[in-house]
Amino acid sequence: MTQPLAPQYNPSSIESELYRWWTDRGLFSPESHAPGSGEPYVIMMPPPNVTAVLHMGHGLNNTIQDVLIRFERMRGRRALWLPGTDHAGIATQNVVERELAQEGLTRFDLGRDAFVERVWAHVRATGSAIIEQLKSIGSSADWSRTYFTLDEGLSRAVRETFVRLYEEGLVYRGHYIINWCPRCLTALSNEEVEKDEVDGHLWHLRYPLADWSGYLTVATTRPETMLGDTAVAVHPDDERYRHLVGREVRLPLVQRLIPIIADAAVDPAFGSGAVKITPAHDPNDFEIARRHQLPSIDVMTPEARISLAAPARFQGLDRFEARRQVVAELEKAGLVERIEDHRHAVGHCYRCDTVVEPRLSDQWFVRMEPLARPALAAYRDGTLRFVPERRGDDYAGWLEGIRDWCISRQLWWGHRIPVWYCDAAGCGKVSVSRNDLSTCPGCGGPVRQDEDVLDTWFSSWLVPFSSLGWPETTPDLETYYPGHTMVSAPEIIFFWVARMIMSGLHFMGGVPYTDIYLHGTVRDTQHRKMSKSLGNGIDPLEVVRRYGADALRYSLVSGMSVGTDVILDPNDLEASFAPGRNFANKLWNAARFILSNLTGATRPLAGQRGNSVRRSELTLADRWIIARCDATVAEATEAYERFRLNDAAAAVYRFIWSDLADWYIEQVKPRLYGDQPGGDVARAVVAQTFDVALRLLHPVMPFITEALWRRFPGRPESASISVAPWPRPDQRARDPEAIRDFGLVQELVGAIRAIRAEYGVQPGQTIRAVVTPESTVTAAALEHERATVIRLAKLSALTLGESRERVGGHAVLSDGTAVFVPLGDAIDVGRECGRLGTEVDRLARLVESQEKKLGNDQFVARAPSDVVERERQKLTTWRDQQLVLVKKRELLGCV
RNA sequence: GGGCGAAUAGCUCAGCUGGUUCAGAGCGCCUGCCUUACACGCAGGAUGUCGGGGGUUCGAAUCCCUCUUCGCCCACCA
């Protein structure tokens, strides 16, 4: 204790200082807090985008990880939480391109090298912002190991991976239909396409037969693609069209003659049963075209404008403008049979929400099936555990239907594909190399490197080992691979989690972690995802400023149960975060009181040392709080272990507020003041239980618990709660009798307080109470805590025995103990009769239904005997209570 | 089109293996208190057909079926 604490906790005045103190001492590095000892425990932080600004999703994700890592750190594990940032190819490139657009420039104006340099400058300027923000919510990651996915080391890992997979035949270049974003001007993987239901139309178009003898109707949702049609397909068994197969239609507007073919992929029941085939703009059509050796005509530019391959009047039109014009012309020609409303899923770019265009192009792919097989096996054999369990089905389902991964991106920001082409006539060698090439290994001539970069996720899927130094065999790699817990969101399973497992198995021979905890999404009260565009976001830093990081963390943790979403109200921060702030303030004030009453080091509660508190020195209340504390240790520990962070927080909250503050501290006060007998015992009990509570709470509320814990007298200056040993349940602390007996004391005080409130007894006025204990045990307990009852119920006297008076307030405790508070004139007899009457009626109903239950032979015969016994006990108790109250009513002369 | 989840107090949610947390917590609301740790507090209180219907069982908020509403994920019927 140095200076007295202010009556109101002010988080901002201590948080940054404490954080600096932690990092100065290197407490977040596993080496420093447990040198060479303890089993490693590793969490890989999902690397935020390097340009990201902290939002609630980060807040939730990182709070969970921090709780887990702090918990395991205190349990003595060599806890490593490894952070990093992701270069985030498309996202970051978009940011800088937008910046350029402000200056009226495009990346093409700068050229590749200058543009990349510009992105680096941007990253260097803003790059550490998200890291600093993560620190301000208390994240105890080992920042000394922070990586960036474009670092030299990780780049080497990326290249090694690409080359090895190529050598194994798992990376290949192919000419396929891929998802193309016409705004980002790049290919996307299937996972990067978000399907949204859109109200569209189904156009039924008439294609005249070549000899003008009739027409064939096709149905399409994208009429503009007809400009690139090279066939019409029907099902081979479709009687309606069988006679047309092999003949030709004249493609309207283009006047190209195209064949009518038969292919089993056509669904005769959909639309007209005839499909226009546009091999360059639809994956199905592409497959059909391959089977029938049809030509592809690409009628769109990368920007999704109509290309030179289409008739001149359409060239240069945007795809949607082209759609209108194509339809208009067809209508004029009488070739539109009808237009149906049609709701269907349309792919959108996950970065810019532009409608994705299927496009035929040369891209690099990873053959996924061989990688997926072991990843699936690791789930099936129980190596991987998902929390919540059902998420494992999502994982397995995706792996089962896995498709090859398109990894090339037509961007400039990212890992350049390590492939060099030789253009020399007669050579044309394609070289895949770990080192940069300047000449062709085949002919010695000049080479040019592939222009494309790799999908961002191609570097992040390696993080569990690339961040530890792979492909080198570093000590870090040997110690911290494999890790343990992955904390992520369900939508990241496919992008990242599953792929990390595949790469881990393939390159390291084992899964990167075993437990996969998938949390929910932060939403507003209308259950909408918080987003910038909706303007329903809550800035975590604003919450930190107003309520403190601990309050933020407490609210996130307690608002979330395993796998459920967290709902916060952006319009009422008070509702969401005041509970956490209030709790912090409660702790602060409890500590203020406790610490001001500790004069020095306290006696140990249990142990062999000479001055240990002996059991015989403990009061009933002491034994009770020690037992409650012990139960809380067990409860919280189990909850943390099971990822039930909300349960852990609730257990500690309950203990601190309801048990320690409301009851124990209130009852122990007289013993703490001055030099009372037993004061040293009281101080020992209150100090020890509060110390334990702070430790149990530390993972959730690290700042305030550290600030208070450090202030205990006798604490070494260097001690930090963040590496204090985790409390363990103690068999000797278990004390069911104390729980029961002190429970009666609490009940009695509550009963008297209720009577006081009921009859408006002035708060300052003391009254008498006469209590008729149901048993000698009850009598002993009440006798023992007589002073407690007197003080907390504000009594002038507490008499155990029968009362001769009649007029007053009556109550009965759960064990049948009768309580009488003589109030004389102050009481309205009629009112008291009514009050007791309601209570008697309530008990009568309980007794009646209980008698029915126990009168049921089936119940008595079939229910387990302990259940039956318990139910009998209940009946007896309720009867006793009822009896007591009935007698009271008689005494009062109620009618 | 397939799969999954949710529905409990005005709000946000606990309630895990059917019976001792069984109808709960916090916020909000009502009444009274500036009781020297805390008004970001203390004490007392009100509020529920546990979404509807059916079933299993001695016993259902809890298990099964079904309906309704909401949400999410997956899907190449153009």
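Every value quoted in this text rests on a predicted model; they were computed, and no experiment measured them. Proteins come first, then strands; the chains are lettered A, B, ... in the order of their sequence lines, and each starts at number 1.
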(Q) On RNA chain B, does the nearest nucleotide to A:Pro268 precede the nearest nucleotide to A:Asp662 from the 5' side, or the other way round? Give the residue. (A) A:Asp662
(Q) With nearest nucleotide decided by heavy atoms, which residue, A:Ala590 or A:Thr221, maps closer to the 5′ end of RNA chain B? (A) A:Ala590
Could you check whether [X] gets within reach of a base, just the sugar-phosphate, or nothing at all, counting any heavy atom under 4.0 Å?
| X | result |
| --- | --- |
| A:Lys529 | nothing |
| A:Thr564 | sugar-phosphate |
| A:Tyr759 | nothing |
| A:Asn284 | base |
| A:Ala591 | nothing |
| A:Pro579 | sugar-phosphate |
| A:Glu574 | nothing |
| A:Ala345 | base |
| A:Glu197 | base |
| A:Arg753 | sugar-phosphate |
| A:His204 | nothing |
| A:Asn646 | nothing |

Side chain of [X] - closest among [options]:
| X | options | result |
| --- | --- | --- |
| A:Pro763 | B:rA14, B:rG32, B:rA78 | B:rG32 |
| A:Ala219 | B:rA78, B:rC73, B:rA37 | B:rA78 |
| A:Tyr653 | B:rA78, B:rG26, B:rC77 | B:rG26 |
| A:Arg523 | B:rG44, B:rC72, B:rC16 | B:rC72 |
| A:Ala575 | B:rC27, B:rA14, B:rC38 | B:rC27 |

Q) Is it the case that A:Arg753 places NZ or CZ above or below the six-membered ring of A:Trp663, under 6.0 angstrom from the centre and within 45 degrees of the axis? A) yes
Q. Hey, mind stepping through A:Arg222 and A:Asp282 against side-chain contact (heavy atoms from CB on, under 4.5 Å) and telling me if it holds?
A. CA-CA 10 Å; A:Arg222 294 188 299 153; A:Asp282 183 280; 4.0 Å; yes
Q: Go ahead and name the base partner of B:rC72; Watson-Crick or wobble counts if both distances stay under 3.5 Å, otherwise write none.
A: B:rG3
Hey, does the side chain of [X] come within less than 4.0 Å of [N]'s phosphate (OP1/OP2), counting only N and O?
| X | N | value |
| --- | --- | --- |
| A:Asn582 | B:rG41 | yes |
| A:Arg644 | B:rG15 | yes |
| A:Trp657 | B:rC42 | yes |
| A:Arg403 | B:rC76 | yes |
| A:His281 | B:rA78 | no |

(Q) Using only modelled atom types and a 3.5 angstrom limit, is any donor from either the side chain of A:Glu666 or the base of B:rA37 paired with an acceptor on the other? (A) yes
(Q) Against A:Tyr517, only a single residue in A:Tyr640, A:Phe643, A:Phe386 fulfils ring-ring contact (aromatic ring centres under 6.0 Å, His included); can you say which? (A) A:Phe643
**Q.** Minimum heavy-atom distance between A:Thr217 and A:Ala274, given as atom pair plus value
**A.** O-CB, 3.4 Å
Enumerate all atom pairs, one protein N or O and one N or O from nucleotides 18-20 of chain B, separated by less than 3.5 Å.
residue: B:rG19; atom: O2'; partner: A:Arg870; partner atom: NH2; Å: 3.4

